[in-house]
Every structure is written in structure tokens, then in C-alpha cells.
Amino acid sequence: MSQLKIYNSLTRQKEVFQSITPGRAGMYVCGPTVSGESHLGHARPYITFDVLYRYLTHLGYKVRYVRNITDAGHFEEEGREAEDKISKKAVLEKLEPMELVQKYTNLYHWAMDQFNTIPPSIEPTATGHIVEQIGMIEQIIEAGYGYVVNGSVYFDVKKYAAKYEYGKLSGRVIEDLLETTRELEGQEEKRDRADFALWKNAAPEHIMRWKSPWGIGFPGWHIECSAMATKYLGAEFDIHGGGMDLQFPHHESEIAQSTICNHTAPVRYWMHNNMITINGRKMGKSYNNVIKLTELFSGDHPMLEKAYHPMTVRFFILQTQYRSTLDFGNEALQAAEKGLKRLWEAYEWILKYDVGSTMYDAKDSELDAKVNKLVTELDEFMNDDLNTAKVLANLFELVPVINGMKDKHIAADALSSTTLALLQTQMQLYMNDILGLKNITNEESSKLKDVMQLLIDLRKEAKAKKDFVTSDKIRNQLAELGIQLKDEKDGGMSYSL
RNA sequence: GGUCCUGUGGCCGAGUGGCUAGGCAGAGCUCUGCAAAAGCUCGUACAGCGGUUCGAAUCCGCUCGGGACCUCCA
């Protein structure tokens with residue numbers, strides 16, 4: 001089998017994944033800032049890296065998956081208003097800061113659950129790691145790369161760049177960064193424009209504040225990830241993921257901080273997912289074009305023609321390779337919805353299919369070879385930088401084969417028993433374990449099942465008597481309730497909710 | 001302005017120089033009491049203009065368009 005290759009933003013090429021510790025993988029993913037509701041764009045990294053987590057686990061790695069919660073708020077470091085988003089909103093909504101943070105954290109967890117993402121091994125909060133962050137800042141100052149001004153601490157980028165490569169990850173040139181013509185307020189304290197805050201002095205009205213060796217304040221933008229990644233994954237770990245928009249300055253600065261403290265570059269493989277766009281433009285607060293997850297699931301948004309099930313969204317995201325942009329659209333979402341339904345029904349059927357215990361060879365060797373190819377290629381596609389788009393394409397190509405068996409125009413023994421067994425295990429592995437897909441419809445109760453069986457029996461009886469008025473009435477009224485009755489080729493009936 | 005990415009059929013999207021990606025929509029057919037579902041068949045797309053090559057959506061150049069980052073941002 002081929003080896004897993006992932007695209008490393010640091011080297012700008014696909015590399016074979018080799019973990020630092022054999023059999024184990026450490027993975028850090030930038031989590032949400034819980035100062036507001038998550039939107040569709042946020043869903044992408046969490047779903048992407050959920051699939052990576054699942055895949056690494058499938059490959060046999062013991063994975064420690066760390067994904068932080070930024071609950072200390074990110075600060076307008078360059079000034080403008082120099083205030084904490086969380087504290088500002090807290091006033092508006094008349095809530096305690098931590099109450100607000102809790103509310104959005106709960107909502108985020110709920111959404112992640114809807115998406116069927118596996119919770120990370122550790123989900124550290126920024127506020128829970130103030131001590132570690134202060135410790136790290138002290139180390140940076142001791143090493144001579146941090147300086148204190150008026151109760152704030154800044155990282156000396158120019159000095160760092162003289163010895164290390166600041167800008168390597170994001171492709172920046174340090175000279176350009178130092179010469180930026182951009183005019184921003186609140187820069188007076190910094191020696192250089194490129195410097196960034198490690199610790200900020202808190203204004204009196206600032207609600208989230210902690211004691212530090214430099215006075216009352218709060219941590220800078222980037223230090224939390226450095227501190228928590230170091231604490232839980234070590235000085236050097238395997239994978240760091242996040243959105244492309246975090247590459248600079250967030251991840252670049254993270255590298256600088258960790259490098260000074262730990263004397264080594266922190267991350268082997270940097271992975272960045274691309275953005276979800278809407279009308280070709282990145283979905284983001286500043287563009288005023290976000291669709292919140294709650295809105296997406298309820299359909300309550302002017303741009304939405306209808307509500308979309310979380311699984312539809314997950315599937316929609318997985319139909320694209322994670323490094324490509326994905327353009328949102330009702331038509332595209334509805335295509336995903338229908339596609340998933342068709343795929344899922346074929347999947348459920350083949351899972352239940354009884355291959356039997358007697359071994360037999362394929363009657364249709366050509367078809368048998370095709371199925372084998374489609375099924376074994378799945379691993380290759382995943383190994384090629386998680387090309388879930390290709391994985392799904394192959395799964396779709398299996399659908400007519402499965403439905404052909406169901407309709408009996410493909411003979412039961414067209415495929416060998418081994419191929420069938422492989423088909424079943426691979427379908428289950430990919431649909432369930434790796435892609436993390438679930439049934440889009442609600443779990444049905446056993447009572448509903450019985451009622452449906454009753455209706456099916458009634459319809460069958462009516463049909464037998466050629467009483468089509470009754471049979472159509474049953475079918476049509478169920479359809480109005482969103483329950484679809486389907487006559488099978490063999491005279492049976494099935495339904496889908 | 002700097003750095004970088006990108007432009008594929010109605011929509012979303014794979015695409016490693018030569019071999020039909022796939023999904024959805026649309027058209028026709030089969031099955032069906034009628035439907036639905038399912039199956040089969042179909043569009044022969046690669047922004048434009050040059051170039052390299054036996055051969056380019058895929059490499060190079062130019063033009064035009066879109067976007068990201070440089071500021072919080074998934």
C-alpha cells in the first residue's frame with residue numbers, strides 16, 4: 001500500500017508522513033474563538049482535520065489531537081480600539097464574560113457533534129493556561145527576544161529574523177514586513193512594525209485581566225497556541241492544522257515563539273485548509289457574508305433556500321479537496337443532499353447483504369476487477385493528501401453496481417465472495433469510520449417501523465385488489481409527510497424518511 | 001503596492017502531457033397500474049492568444065477575469 005503523503009505548507013510540497021515517535025502522532029488544530037457563533041467557514045477545518053484524525057487512527061497511529069478553545073478573546077493588538085472583543089460584547093449582552101464564553105462553547109460543541117466530529121483528545125482553553133503563557137513569555141524575555149514597554153511585552157521580530165527564518169511558512173520577506181507602509185495606531189510602543197504582542201497591558205475597563213510580572217493584562221494573540229501545544233505535544237510535534245488565513249501572522253509567530261523557547265522548530269507538517277467562499281469571496285465577518293451554523297441547519301437566513309442537514313454540509317465539504325476553495329451555493333448544497341442520500345441508501349443495502357459462507361469465484365470477472373480497483377483506490381486517494389473528492393467519486397461509481405445487485409440485473413454471483421466481502425468492509429470503513437458520515441434521516445423508532453409496515457401491508461392489499469385510489473392515497477399522503485414509499489422490483493416495498 | 005493562489009460543461013467540483021473524474025440539474029429510454037426510486041444512454045467542458053511537444057485542461061509566456069494574505073479572521 002502507498003504511504004500517506006500530506007502537503008506541507010512549510011515546504012510547499014507533498015511529503016510522506018513520518019511521525020516523530022513511531023506509532024504515535026501529535027496533532028494540534030487551531031480551535032474557535034468563542035466570542036460568537038461559528039459559521040459555515042469554521043466548519044471546514046474541524047471537518048477536514050476530523051477526517052485526518054480518523055484516517056491516522058485507521059492507519060494505526062495513536063493520535064493525540066489537541067484543539068484549543070480561545071476564550072480569552074483575541075485582541076485588537078494593533079490598537080484601533082485596543083479592546084477585547086469578548087469584554088465588549090459582554091457589556092452589550094449584559095453577561096459575564098465567562099458566561100458568554102460558555103454559551104458559545106456549548107453551541108460550538110453542539111455543532112461539532114451535529115457534524116459527527118470526534119472530540120479532540122485534549123481541548124485546552126486559553127484562560128486555563130495563563131500561567132503557561134506567562135512562563136513562556138518570561139523565557140522569551142530571558143532569551144533576549146522580548147522587551148517590556150509600559151506593562152506590555154513584544155516579540156522582537158527583527159532580532160529573531162537575524163538568526164531564524166521569520167516568514168518561511170507564509171512566504172514573507174522580512175525586509176518587506178519591516179518596511180510596511182501601512183499606518184496603524186498604537187504602534188508607538190513597538191520597536192518595529194513587524195513586532196507582535198506577547199502580553200498586553202489591560203485598560204481599566206478591560207474585564208478579562210490577569211496579574212503578570214509586567215502588570216495587569218492579558219496574553220497576546222499567538223502565545224496561547226505555542227504554550228498549549230508545547231505543554232501537550234512537546235517541543236516538536238507532527239502536525240499543526242488550521243485555516244489558510246492563519247498562516248500569517250498567527251502561525252508564523254507561533255513558530256517564532258516556540259523556536260525561542262524550545263530551541264527547535266515546533267512543527268513537522270503544517271497543514272492549511274482553504275476557505276469556503278460565497279459568490280467567490282471568502283466567508284468572514286469582515287465581509288458581512290457569514291452564514292452561521294445554526295442558520296444553516298434551520299434555513300433561517302436570506303441566502304438559504306432551505307435548511308441543510310449537518311451531514312449534508314459535512315458531505316458537501318468532503319466533496320472538495322481541502323486545499324481548494326469551496327464555493328457555497330444552494331444548488332451545490334442541494335446536489336450534495338441528493339447525492340448523499342443516493343450513496344447512503346446503496347451503502348445501507350450492501351452492508352446488510354449476506355455474502356454467505358461458501359466461497360465462489362466471480363462470474364463477471366470484468367466487473368469484479370472494476371469493483372476491486374474502485375475499492376482499493378480509496379486508500380491511494382486518501383494517501384494523496386486526503387483527496388476525499390476522489391474517494392467519494394469512487395464510492396459513487398460503486399453505487400450502480402450495488403443497485404444493480406439490488407435490482408437483480410447484476411447477478412448475485414457476478415462478483416466473487418471475496419470481492420463482495422471487501423466491498424462491504426471498505427464501504428463501512430470509508431463511509432463510517434473515515435469520512436464519518438451518518439444517516440441523514442432521523443433514527444426511526446421501532447413503533448414507527450411497525451406503523452410503516454402496517455401501511456405497506458395495506459397498500460399491498462389495495463394494489464392486489466387494483467384499488468389504486470387507496471394505494472395512491474397511502475403513498476401520496478406519506479409523501480406529504482416527507483416519507484417516500486418505493487415499490488421494489490420484486491413486489492416488495494421500502495420507504496425512506 | 002508587495003507576496004501568493006486561481007479561472008474546467010447550467011451549478012459544485014477531480015484532474016499525475018496521451019486513456020470518459022464524480023455529484024446535482026437537463027434530455028431520451030427501461031422498469032412500473034401510475035409514480036417515485038433505481039438502471040441504461042447523452043452534452044464531448046477546460047478564460048483568451050501565442051509557444052514547447054508527435055500529443056496540453058495539464059508545461060512556458062503574454063492578456064483578461066476572480067480571489068487570499070499583508071489588520072482580528074477557519
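Computed from a predicted model, the values in this text were never measured in an experiment.
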Enquirer: Side-chain atoms of residues 400-410 of chain A: list all donor-acceptor pairs with protein atoms under 3.5 Å, sequence neighbours left out, distances to 0.1 Å.
Expert:
none

Enquirer: For B/C5, does either OP1 or OP2 sit under 4.0 Å from a side-chain N or O belonging to A/Y7?
Expert: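 No, outside the criterion.
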
Enquirer: Could you check whether A/F381 gets within reach of a base, just the sugar-phosphate, or nothing at all, counting any heavy atom under 4.0 Å?
Expert: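 Since no nucleic acid heavy atom lies under 4.0 Å of A/F381, the category is nothing.
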
Enquirer: In whole Å, I'd like the distance from the CD1 atom of A/I440 to the P atom of B/G23.
Expert: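 Interatomic distance, CD1 of A/I440 to P of B/G23: 17 Å.
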
Enquirer: Between A/D384 and A/K5, is there a side-chain N and carboxylate O pair less than 4.0 Å apart?
Expert: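 No salt bridge links A/D384 with A/K5.
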
Enquirer: Please report the distance separating the P of B/C40 from the corresponding atom of B/A25, rounded so that it comes out in whole Å.
Expert: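 About 15 Å, rounded to a whole number of Å.
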
Enquirer: When all nucleic acid strands are considered with a 4.0 Å heavy-atom cut-off, which category describes A/H39: base, sugar-phosphate, or nothing?
Expert: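 If one applies the 4.0 Å heavy-atom cut-off, A/H39 turns out to touch a base.
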
Enquirer: So, A/R54 and A/D50, do they make that salt bridge, N to O below 4.0 Å?
Expert: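 A salt bridge is present here (some side-chain N lies under 4.0 Å from a carboxylate O).
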
Enquirer: With both distances under 3.5 Å as the test, what is the Watson-Crick or G-U wobble partner of B/C46?
Expert: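 In the structure as shown, B/C46 has no Watson-Crick or wobble partner.
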
Enquirer: Between B/C42 and B/U20, how far apart are the two P atoms, rounded to whole Å?
Expert: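 Approximately 12 Å lies between the P atom of B/C42 and that of B/U20.
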
Enquirer: Distance check, P atoms only: B/G22 and B/A45, in whole angstrom units.
Expert: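 Each nucleotide's P atom is 15 Å from the other's.
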
Enquirer: Quick one: look up who B/G65 pairs with, Watson-Crick or G-U, both distances under 3.5 Å, and put none if it's unpaired.
Expert: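 Base-paired to B/U6.
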
Enquirer: Report the base-pairing partner of B/A35 (Watson-Crick or G-U wobble, both distances below 3.5 angstrom), or none.
Expert: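 With both distances under 3.5 Å required, B/A35 matches none.
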
Enquirer: Rounded to whole Å, please give me the gap between CZ in A/F315 and P in B/G22.
Expert: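 Value for this atom pair: 14 Å.
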
Enquirer: Please report, rounded to the nearest Å, how far the P atom of B/G66 is from the CD1 atom of A/I278.
Expert: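 Checked: the CD1 to P distance equals 18 Å.
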
Enquirer: So, are A/K460 and A/D457 salt-bridged, with charged N and O less than 4.0 Å apart?
Expert: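 Between A/D457 and A/K460 there is no salt bridge, as every charged N stays at least 4.0 Å from the carboxylate O atoms.
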
Enquirer: Looking only at the aromatic ring of each residue, does the gap between the centers of A/F17 and A/Y269 stay below 6.0 angstrom?
Expert: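 Yes: the rings meet the under 6.0 Å criterion.
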
Enquirer: Considering only atom P, compute the distance from B/U16 to B/C60 and round it to an integer number of Å.
Expert: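 Each nucleotide's P atom is 13 Å from the other's.
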
Enquirer: When rounded to the nearest Å, what value does the distance between C1' atoms of B/G65 and B/A27 take?
Expert: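 That atom pair is separated by 32 Å.
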
Enquirer: By nearest nucleotide on RNA chain B, pick out whichever of A/N274 and A/F248 is the more 5' one.
Expert: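 Comparing both residues, the 5'-ward one is A/F248.
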
Enquirer: Between C1' on B/C69 and CG on A/D245, what's the gap in Å once rounded to a whole number?
Expert: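 The answer, rounded to whole Å, is 9 Å.
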
Enquirer: Check the distance between B/A68's P and A/R172's CZ and give it to me in whole angstrom.
Expert: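 Going from A/R172 (CZ) to B/A68 (P), I get 14 Å.
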
Enquirer: How far does the C1' atom of B/C59 sit from the matching atom of B/G26, given to the nearest Å?
Expert: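 Result for the C1' pair: 36 Å, nearest Å.
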
Enquirer: Using the C1' atom as the point on both nucleotides, what is the distance between B/A21 and B/G9, in whole Å?
Expert: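 After rounding to an integer number of Å, I get 13 Å for this pair.
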
Enquirer: At 4.0 Å (heavy atoms only), tell me whether A/G284 reaches a base, stays on the sugar-phosphate, or touches nothing.
Expert: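 Touches nothing.
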
Enquirer: Looking for any heavy atom pair under 4.0 Å, which part of the strands does A/K338 touch: base, sugar-phosphate only, or nothing?
Expert: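 Since only primed, P, OP1 and OP2 atoms lie under 4.0 Å of A/K338, the category is sugar-phosphate.
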
Enquirer: Taking NZ, NE, NH1 and NH2 as the nitrogens, is one of them in A/K373 or A/E377 under 4.0 Å from a carboxylate oxygen of the other?
Expert: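 A salt bridge is present here (some side-chain N lies under 4.0 Å from a carboxylate O).
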
Enquirer: In B/S/- notation, 5' to 3', how is nucleotides 7-20 of chain B contacted by protein heavy atoms closer than 4.0 Å?
Expert: ---BSSSSS-----

Enquirer: Output one letter per nucleotide in nucleotides 32-42 of chain B: B when a protein non-hydrogen atom lies under 4.0 Å from the base, S when only the sugar-phosphate is that close, - when neither is.
Expert: -BBBBSSSS--

Enquirer: Does A/F248 have A/R172 sitting over its ring (NZ/CZ under 6.0 Å from centre, angle to axis within 45°)?
Expert: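 Flagged: A/R172 positioned over aromatic ring of A/F248.
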
Enquirer: Please name the residue in the list A/H272, A/H240, A/Q247, A/H251 that meets the side-chain hydrogen bond (donor to acceptor under 3.5 Å, both in side chains) test with A/S9.
Expert: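 For A/S9, the side-chain hydrogen bond (donor to acceptor under 3.5 Å, both in side chains) check succeeds only for A/H272.
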
Enquirer: Take the protein atom CG of A/L343 and the nucleotide atom P of B/G22, then report the distance between them rounded to whole Å.
Expert: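 Rounded to whole Å, this separation is 15 Å.
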
Enquirer: Taking any strand in view, what nucleotide pairs with B/C40 in a Watson-Crick or G-U wobble way, both distances under 3.5 Å?
Expert: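 B/G28 - that is the nucleotide pairing with B/C40, both distances being under 3.5 Å.
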
Enquirer: Taking a pair as Watson-Crick or G-U wobble with both distances under 3.5 Å, which nucleotide is matched to B/U20?
Expert: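 Pair assignment: B/U20 / none.
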
Enquirer: Between B/G55 and B/C70, how far apart are the two C1' atoms, rounded to whole Å?
Expert: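 After rounding to an integer number of Å, I get 42 Å for this pair.
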
Enquirer: Are A/S152 and A/W199 side-chain neighbours, meaning at least one heavy-atom pair lies under 4.5 Å?
Expert: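 A side-chain contact under 4.5 Å is absent here.
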
Enquirer: Between atom CE in A/M244 and atom C1' in B/G67, what is the gap in whole Å?
Expert: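 Spelled out: CE on A/M244 to C1' on B/G67 is 11 Å.
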
Enquirer: Side chain of A/R281 only, heavy atoms from C-beta on: which candidate in B/A21, B/A68, B/A74 is closest?
Expert: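 Given the options B/A21, B/A68, B/A74, the side chain of A/R281 is closest to B/A68.
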
Enquirer: Give a yes or no answer on whether the side chain of A/S2 reaches the backbone of A/E380 with a donor-acceptor pair at less than 3.5 Å.
Expert: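 A pair under 3.5 Å: no.
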
Enquirer: Whether A/K370 and A/D364 form a salt bridge (side-chain N of Lys/Arg under 4.0 Å from carboxylate O of Asp/Glu) is what I want to check.
Expert: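 Between A/K370 and A/D364 there is no salt bridge, as every charged N stays at least 4.0 Å from the carboxylate O atoms.
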
Enquirer: Nearest whole Å is fine: how far is B/C24 P from A/Y308 OH?
Expert: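 The answer, rounded to whole Å, is 16 Å.
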
Enquirer: Quick one: do A/E337 and A/K306 make a salt bridge, cutoff under 4.0 Å?
Expert: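 Between A/K306 and A/E337 there is a salt bridge, with a charged N closer than 4.0 Å to a carboxylate O.
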
